[in-house]
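In what follows, chains carry the letters A, B, and so on, assigned in the order in which the sequence lines appear, proteins first and then strands, with residues in each chain numbered from 1. Side chains included, hydrogens not; waters and symmetry mates left out as well; all remaining heavy atoms used.
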Amino acid sequence: MIRFVLVRLLRAVITILAVVTFAFVVLRMSGDPAQVMLGPDVPQDAVDAFRRAWGLDQPLWIQYLAYLKSIFTGDFGVSMRDKASALQLVLERVPATLQLTLPALILKLMIGIPAGVYAALHRQSFADRGVITLAIIGFTVPSFVMGLVLVLIFSVILGVLPSGGQDTWVHGVLPTITMSIGGIGILARFSRSAMIEVLGQPYIRTASAKGLKWRDVIWSHALPNAAVPIVTIVGFMVGSLIAGAVVVESIFSWPGIGRLLIVSVSNRDLAVVQCILLIIAAAMVMSNLVVDLLYGWLDPRLRSHAAH
Amino acid sequence: MGTTNPDLVELRDLKVAFDGVQVLHGIDLTVARGEALGLVGESGCGKSVTWLAALGLLPGKAAVTGSIRVDGRQLCGAERSDLEEVRGGRIAMIFQDPSSSLNPVLRIGRQIVEALQIHRGLRGQAARTEALRLLDMVGIPDAPRRFDLYPHEFSGGQCQRLMIAMALAGEPDLLVADEPTTALDATIQAQILDLLNALRAETGMALVFISHDLGAVSQVCERVCVMYAGRIVEEGSVAQLFSQPRHPYTRGLFDAIPRIDGPRDRLIPIPGTVPNPKHLPAGCSFSPRCPYAVDACGSTYPSLEFQGDGRRLACMRPVPAVTTSGEAKRRIHEGLMA
Amino acid sequence: MTALLEAEELVRIYEVRRGIFGRPSPVRAVDGISLAVMPGETLGIVGESGSGKSTLGRMLLGLDLAQAGEVRFAGSPMPRNGTAEWRAMRAKMQLVYQDPLAALDRRLTIAAQIGEPLQIHRLVPRQYQADRVAELMEAVGLRSDQAGRFPHELSGGQRQRAVIARALASRPKLLVCDEPVSALDVSIQAQVVNMLRDLQERNGIGMVFISHDLKVVRNIADRVAVMYLGRIVEEASSDVVFRSPQHPYTKALVSSVPVPGKPLEGRMILQGEPPNPADRPSGCAFHPRCPVAQDICRTSSPALRRIGDGRTAACHAVAGETASIETMRRMA
Ligand SMILES: Nc1ncnc2c1ncn2[C@@H]1O[C@H](COP(=O)(O)OP(=O)(O)OP(=O)(O)O)[C@@H](O)[C@H]1O
Ligand SMILES: Nc1ncnc2c1ncn2[C@@H]1O[C@H](COP(=O)(O)OP(=O)(O)OP(=O)(O)O)[C@@H](O)[C@H]1O
Ligand SMILES: [Mg+2]
Ligand SMILES: [Mg+2]
């Protein structure tokens, strides 16, 4: 068990390292921070001075080693723009993002899973077809389109909800809904098919044959089995709590991590972008690890595999 | 209705169709209280479907018609709650594929205790004790320690015995056992058959024993019912059928059994294959494979009629009674010499 | 001639634990088994339910890893699980499993599943694939109209035939059949057994045939090994084993075979509990239930040794003596 966790942790670290390296290289290959920061018309020696100050004149691999060394000592660099600690800048934005993504996650779980399960239990019914249709709309319409449509309806036409900003909780309503719709669709579809699969299994028939009430068959026999695939998706959603708001934050000008990322990328604010990507990767990888552990807890057959 | 009726289960003209394809063509069958009935027949002839239909356990796409009475109460088209009352307590069923019929994510102890809770109101320690007794009864070694294991940690035969324990937990009036001993070795099979016999003697439980193993059927059953292509073709007492099979199909089944003694010859299967339920041959469904068939067999279906000796038979050209008797006696006699 | 398949001193121990952090207790499911199968030969394996037959079958194919011992296929050791050589070898050795429903994918039609090995191992050009699938289905007695069915739309026996057809698709050299016919009715069983015998004669397939149906084993197997609690207790040609079983467990087994139309009178009833693999009795594992157990049986475990007739047995009581089943019955 402990060895299993250790192996997984090691793998997690490697994954994060790969992401970080990739980001490092791509960022440096795709644009010059000095040009962006200083503007097009500055003299060459100002540019050189800037490069020297930030270490950009060194060969790439030396920059890379220096960067690795600093992240292992917990130093995530300094923002080129604000001259403040990149980590601090990023962490300041976390609460704002979670303000959107956490309620959105709760909405996804509370609506998506029950809708999918309900549809599976009433197959071919009107409700089932309704759920499928809405789910497909939910996850095929991109969130920027969905966001704009919602703004059009609720802010422009009805005028009941604000279309941007972060002043009161009311400002969070539209972004939260926008963000949750796709996830609700995915979860509904997934829960439905997982549940249908499980309901066709012989052990469900056994449970019915025992004389269990249909409700109990669902709760104590079908759902625990259907949970295994659903948990995968939920784990992914938890992992993207931090990363998931990029598009929506820009539509609704919500000052979260997503906005910071976009601004920093266009400014080539290297340290900040790298720090955000690192945190996103870490969140993803950690949630993956938790999902793996949950699997073993949910499905005893996987538990004994893991032990080997 | 009701009190004067000695029959526990009465199936009348039970028909089942899947997506418009009829697989049961009107089954008439009664199971009396305390009786042991064997159900044999080729794979796919509808043995399992008959009893799944009776308990309302077929998937939604199955169209079930006819009459299913348990203690005089109509179950065909009944409410779910009525069915739930019958399942497990009045009629319990053991399924064919034991390892996939147990819930993989629940501990086996819990799966048995569940049945004890529903039908006998046992909880906590009392339920556990009773579950352990049942596990012991079906021959699961070291039951207390294995109580909390999961189904995949048991062998196929052990899973089958777990299913049996689970079915017995509700102290049913009728146990429908669908191939309950196929995954068991001969000694444990004999032990389970003894157990079923003892339970019947003790509690008056009736038994429907679905099996390919005609040997096992003859150990526990009093009456045997032979099915072919969704119909009953012959029914009678074990002694009658086993000494004098009259339907050519029944006869073919006996001939196909490998022997425990004598030369290891090629086995003798019934020629041909089971007909497609979608395109059943006209007349008797067995006629294309039947060595005794005449033209008439291909045009009208012979109805299931009582014969002089108490058996029911659906055949226009039955195996002649006298010669079979001598032949069968000889074969059974040889069997005794094993 | 080199053996097609050889196993030497195979051991498989399951760690059974209660809860994730419970203390594991070892279950010796397979406890030092050696065997050999010649090309074209059928080795029947019978024995107590839970004695490790399925585990042994999986180990022979490298599907379950041995903690100790070695499996050799055509003289060379089994490649590591998951490597390309292992996959190539797996095409030559196939498993037919006990529970057809679990062996088949619910979401694929049976024709697709029978054709799967053809695709995976690229055995047949695409345009002939459908023909080969039809041929295989016919060989196992499935109708062509059933090709598009899903496993749950077939009866138990039809499913098992699909599994066998899939196993035969890659023209294997070795088949390990774990209860392949127990879900089949006697007529289809006769067909399948005949079919397996023909395939063997024609293609020289070696076969390990695990079954509880002694009548079938007797018919199909050349040699039979009897297992009890993870070990082989008796092995001989199938005629010999069934005519004059020597080990007391084999005797009990053979005497319990039900014959149609006849009550089991002379059956040798085993006393006591079925064994618990986690807590193996001392000495001979069978002694607590053995009607002829002596003191030595409680302390020393009998080795498998030759006792004539090309037979090996592991029992202190069968040294030179040949107690027939009749005397056993009188004693019981
Ligand atoms: N869910 C289903 N959908 C469609 N057809 C089905 C379904 N279940 C069973 N059938 C068909 O109904 C017929 C009877 O099946 P059933 O399972 O009762 O056979 P059986 O007599 O129990 O056979 P076996 O001895 O092999 O278990 C078969 O032709 C089978 O293909
Ligand atoms: N995954 C597992 N974890 C723990 N114990 C196991 C596992 N699989 C099998 N066992 C145990 O190992 C022993 C041998 O199991 P196996 O399935 O090989 O028996 P078998 O001889 O095939 O029995 P059967 O005839 O009933 O199929 C049994 O006691 C079983 O409980
Ligand atoms: Mg069946
Ligand atoms: Mg097995």
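- By number of non-hydrogen pairs under 4.5 angstrom with chain C, the leading residue of B:Ile188, B:Ile257, B:Val23, B:Asn276 is B:Asn276.
- Here B:Asp194 is the residue among B:Val49, B:Thr181, B:Asp194 with the most heavy-atom pairs under 4.5 Å with chain C.
- Counting non-hydrogen atoms of other residues, nucleotides and ligands closer than 6.0 Å to NZ of B:Lys278 gives a total of 12 or fewer.
- Every residue two or more places apart in sequence or in another chain that forms a salt bridge (charged side-chain N to carboxylate O under 4.0 Å, His left out) with C:Arg58 is listed here: C:Asp64.
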Test side chain to side chain contact (heavy atoms under 4.5 Å, CB included) applied to C:Lys215 and B:Asp213, step by step
CA-CA 11 Å; C:Lys215 293 191 287 254; B:Asp213 187 339; 4.2 Å; yes

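- Residues B:Pro263 and C:Arg218 come closest through the heavy atom pair O-NH2, 3.7 Å.
- Both the backbone and the side chain of B:Ser99 come within contact range of chain C, with heavy atoms under 4.5 Å apart.
- Only the backbone of B:Pro275 has a heavy atom closer than 4.5 Å to any heavy atom of chain C.
- Residue contact with chain B, scored on non-hydrogen atoms closer than 4.5 Å, involves the backbone and the side chain of C:Val216 alike.
- For C:Ala221, the part lying near chain B is the backbone, with the side chain staying farther off; criterion is any non-hydrogen pair under 4.5 Å.
- Contact tally against chain C (heavy-atom pairs below 4.5 Å) for B:Asp19, B:Leu193, B:Asp265, B:Leu241: the top residue is B:Asp265.
- A salt bridge links B:Arg266 with C:Asp198; the closest basic N to acidic carboxylate O contact falls under 4.0 Å.
- Between chain B and the residues C:Val27, C:Val186, C:Val46, C:Asp239, the largest count of heavy-atom pairs under 4.5 Å involves C:Val186.
- Shortest non-hydrogen contact noted between C:Ser49 and B:Gly157 is OG-CA, 3.4 Å.
- For the atom pair OG1 (B:Thr187) and CZ (C:Arg289), the distance works out to 6.0 Å, reported to the nearest 0.5 Å.
- Of the two parts of C:Glu153, only the side chain, counted from C-beta on, holds a non-hydrogen atom closer than 4.5 Å to a non-hydrogen atom of chain B.
- Contact detail for B:Ala186 and C:Leu253: the closest heavy-atom pair is CB-O, 3.6 Å.
- Nearest heavy atoms, C:Ala190 versus B:Ile268: CB-C, 4.3 Å.
- With a 4.5 Å cut-off on non-hydrogen atoms, C:Ser238 touches chain B through its side chain but not through its backbone.
- Considering only residues two or more places apart in sequence or on other chains, C:Phe242 meets the ring-ring contact (aromatic ring centres under 6.0 Å, His included) condition with none of them.
- The CG atom of C:Asp213 sits 8.0 Å away from atom CD1 of B:Ile260, with the distance rounded to the nearest 0.5 Å.
- A heavy-atom distance below 4.5 Å is found between the side chains of B:Gln189 and C:Pro258.
- Looking at C:Ile220, the atoms closer than 4.5 Å to chain B (heavy atoms on both sides) all sit in the backbone: N, CA, C or O.
- To the nearest 0.5 angstrom, C:Gln158 atom CD is 9.5 Å from B:Glu42 atom CD.
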Under the criterion side chain to side chain contact (heavy atoms under 4.5 Å, CB included), I'd like the reasoning laid out for C:Tyr249 against B:Asp185: C-alpha separation, chi angles, the key distance, then a yes or no.
CA-CA 12 Å; C:Tyr249 176 69; B:Asp185 67 77; 3.7 Å; yes

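- Judged purely by atom type and a 3.5 angstrom limit, C:Ser187 has no side-chain atom pairing as donor or acceptor with the backbone of B:Leu253.
- Residues C:Asn219 and B:Pro258 share a closest heavy-atom pair of CB-CB, 4.4 Å.
- The two atoms that bring C:Asn194 and B:Pro269 nearest to each other are ND2-CD, 3.6 Å, heavy atoms only.
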Run C:Glu48 and B:Ser155 through side chain to side chain contact (heavy atoms under 4.5 Å, CB included) and show every step you take.
CA-CA 11 Å; C:Glu48 175 114 298; B:Ser155 77; over 6 Å; no

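- Atom CD of C:Glu138 has 12 or fewer heavy atoms from other residues, nucleotides or ligands within 6.0 Å.
- Most heavy-atom pairs under 4.5 Å with chain C: of the set B:Gln160, B:Arg264, B:Lys47, B:His279, this distinction falls to B:Arg264.
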